[in-house]
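Any value given below was found using the heavy atoms of this structure, including those in side chains, with hydrogens, waters and symmetry copies removed.
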There are 2 protein chains.
Amino acid sequence: MPWRDGTGPPWWHGKMKGCGYRLTVPRHAILDVLSQTKEHLSAEDIYLAVHKVYPAIGLTTVYRTLELLVQTGMVFKFDFGDGRARYELSEGPQSIGHHHHLVCTGCGRIIDYTDFIDEEIELLRKTEKGLSKKYNFKITNHLIQFHGLCGKCN
Amino acid sequence: MPWRDGTGPPWWHGKMKGCGYRLTVPRHAILDVLSQTKEHLSAEDIYLAVHKVYPAIGLTTVYRTLELLVQTGMVFKFDFGDGRARYELSEGPQSIGHHHHLVCTGCGRIIDYTDFIDEEIELLRKTEKGLSKKYNFKITNHLIQFHGLCGKCN
DNA sequence: ACTTTAATTGAAAATGATTATCATTAACAA
DNA sequence: TTGTTAATGATAATCATTTTCAATTAAAGT
């Protein structure tokens with residue numbers, strides 16, 4: 001498993017070790033795939049991509065690793081309504097940054113957007129603060145999606 | 001199938017007929033269940049509730065009817081991450097009104113909230129307008145969820 | 001009210017994503 | 001290098017949701 005740029009260990013190295021997890025070949029491979037795409041990959045998409053380089057890695061391991069990464073907050077899991085979950089790296093040098101999704105209910109296309117993020121962040125901050133206090137609810141994450149029809153479908 | 005208050009047909013009567021759908025007993029029963037709860041019911045929850053009154057109504061019909069209601073916009077379908085979809089009446093006399101959800105990742109509890117809705121609506125309106133134009137995307141619906149730990153779980 | 005006709009239904013089987021099992025393998029601390 | 005234990009992968013199991021298809025029924029027209 002090569003380092004990403006030859007100058008040192010991948011950025012997730014510390015994160016994994018810090019959480020007490022072993023750095024295995026499958027985990028490297030899966031994180032590599034996630035960090036080198038801007039797509040919204042399903043578990044099987046990731047399995048197929050990983051499989052090209054390491055045919056021995058099984059789908060089960062992909063699912064297990066993804067769950068682990070979601071638990072540790074390194075990966076976000078999304079449901080776009082088509083019956084299979086999608087995964088995105090949540091942060092790090094290769095990630096796209098904070099964004100949300102437009103989901104086309106016609107063709108299933110997903111559009112990332114970052115517009116109005118500043119105002120949105122401000123409202124979210126205020127909302128999170130208020131809700132945390134009112135409901136004694138510790139917020140760790142939020143999800144925003146707009147559903148509708150994309151250019152091709154309307 | 002009784003009218004809801006004895007003064008006329010249920011509010012959804014016109015909606016169904018208007019869309020060219022037949023008013024059948026199963027559809028009445030399912031809409032009745034949805035309009036008489038504030039819970040976030042799964043398809044099986046609805047099936048069980050309906051089954052008490054009409055044991056002949058099958059789970060398949062519940063799924064089919066829910067899909068129909070989602071398509072026509074009478075019902076919202078949610079995914080709270082536990083592998084089964086939840087359904088809520090989207091409008092009408094009995095509905096709770098516009099709200100969003102706090103999802104506890106510890107115990108799965110769902111809390112409805114309506115706080116900050118005005119400011120949120122304003123931002124959403126602006127965002128929807130901007131996104132519609134920029135991406136030529138016709139927005140029909142939006143989804144907002146906060147994930148975290150509820151009072152019992154933290 | 002009775003017929004007609006296509007929409008709707010329900011039981012059973014199929015699907016498909018995800019998870020559990022369990023013997024084998026490999027990471028890494030000592 | 002070795003021992004301990006987490007991690008893996010092939011297979012089978014699970015479980016929500018769909019599909020199939022023959023039987024039923026809403027409702028429009030007699």
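In this structure, OH of B:Tyr54 is placed 14 Å from P of D:dT25, rounded to the nearest angstrom. Protein atom CG of A:Asp79 is 13 Å distant from nucleotide atom C1' of D:dT17, rounded to whole Å. Taking atom OH of A:Tyr87 as the reference point, atom C1' of C:dA17 lies 10 Å away to the nearest angstrom. Rounded to an integer number of Å, the gap from CD1 of B:Ile57 to C1' of C:dA11 is 15 Å. For B:Met16 and C:dT8, the CE to P distance is 8 Å, given to the nearest whole Å. Rounded to whole angstrom, the span from the OH atom of B:Tyr47 across to the P atom of D:dC15 amounts to 17 Å. For the pair B:Arg84 CZ and D:dC15 C1', the interatomic distance rounds to 9 Å; values are reported in whole Å. In this structure, CG of B:Leu59 is placed 9 Å from C1' of D:dA16, rounded to the nearest angstrom.
By the salt bridge (charged side-chain N to carboxylate O under 4.0 Å, His left out) test, B:Glu67 is found to be paired with no residue, residues two or more places apart in sequence or in another chain being considered.
In summary, the side chains of A:Glu88 and A:His99 do present a donor paired with an acceptor at a separation below 3.5 Å, with no hydrogens or angles considered.
Residue A:Thr61 has a polar side-chain atom (N or O) positioned under 4.0 Å from OP1 or OP2 of D:dG9. Put simply, B:Tyr63 has no side-chain N or O that comes within less than 4.0 Å of OP1 or OP2 on D:dT18.
Of the two residues near DNA chain D, B:Gly83 and A:Thr65, the one whose nearest nucleotide lies more 5' is A:Thr65.
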### Message
Base contacts versus sugar-phosphate-only contacts with protein, heavy atoms under 4.0 Å: please encode nucleotides 21-30 of chain C as B, S and - from 5' to 3'.
### Response
B-----BS--

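Side-chain atoms of B:Ser35 come within 3.5 Å of backbone N or O of B:Leu31 as a donor-acceptor pair. For the pair B:Arg86 (side chain) and B:Asp79 (backbone), a donor-acceptor distance under 3.5 Å is absent.
Looking at the side chain of A:Pro26, the nearest of the listed nucleotides D:dT17, D:dG9, C:dG10 is D:dG9. Nearest nucleotide to the side chain of A:Ala43, out of C:dT18, D:dT17, C:dT9: C:dT18.
Taking the six-membered ring where the residue is Trp, B:His28 and B:His13 present perpendicular rings, their angle passing 60° and hence far from 30°.
Ring-centre distance between B:His142 and B:His98: below the 6.0 Å cut-off. Checked against the 6.0 Å centroid threshold, B:His101 and B:Phe80 count as a close aromatic pair.
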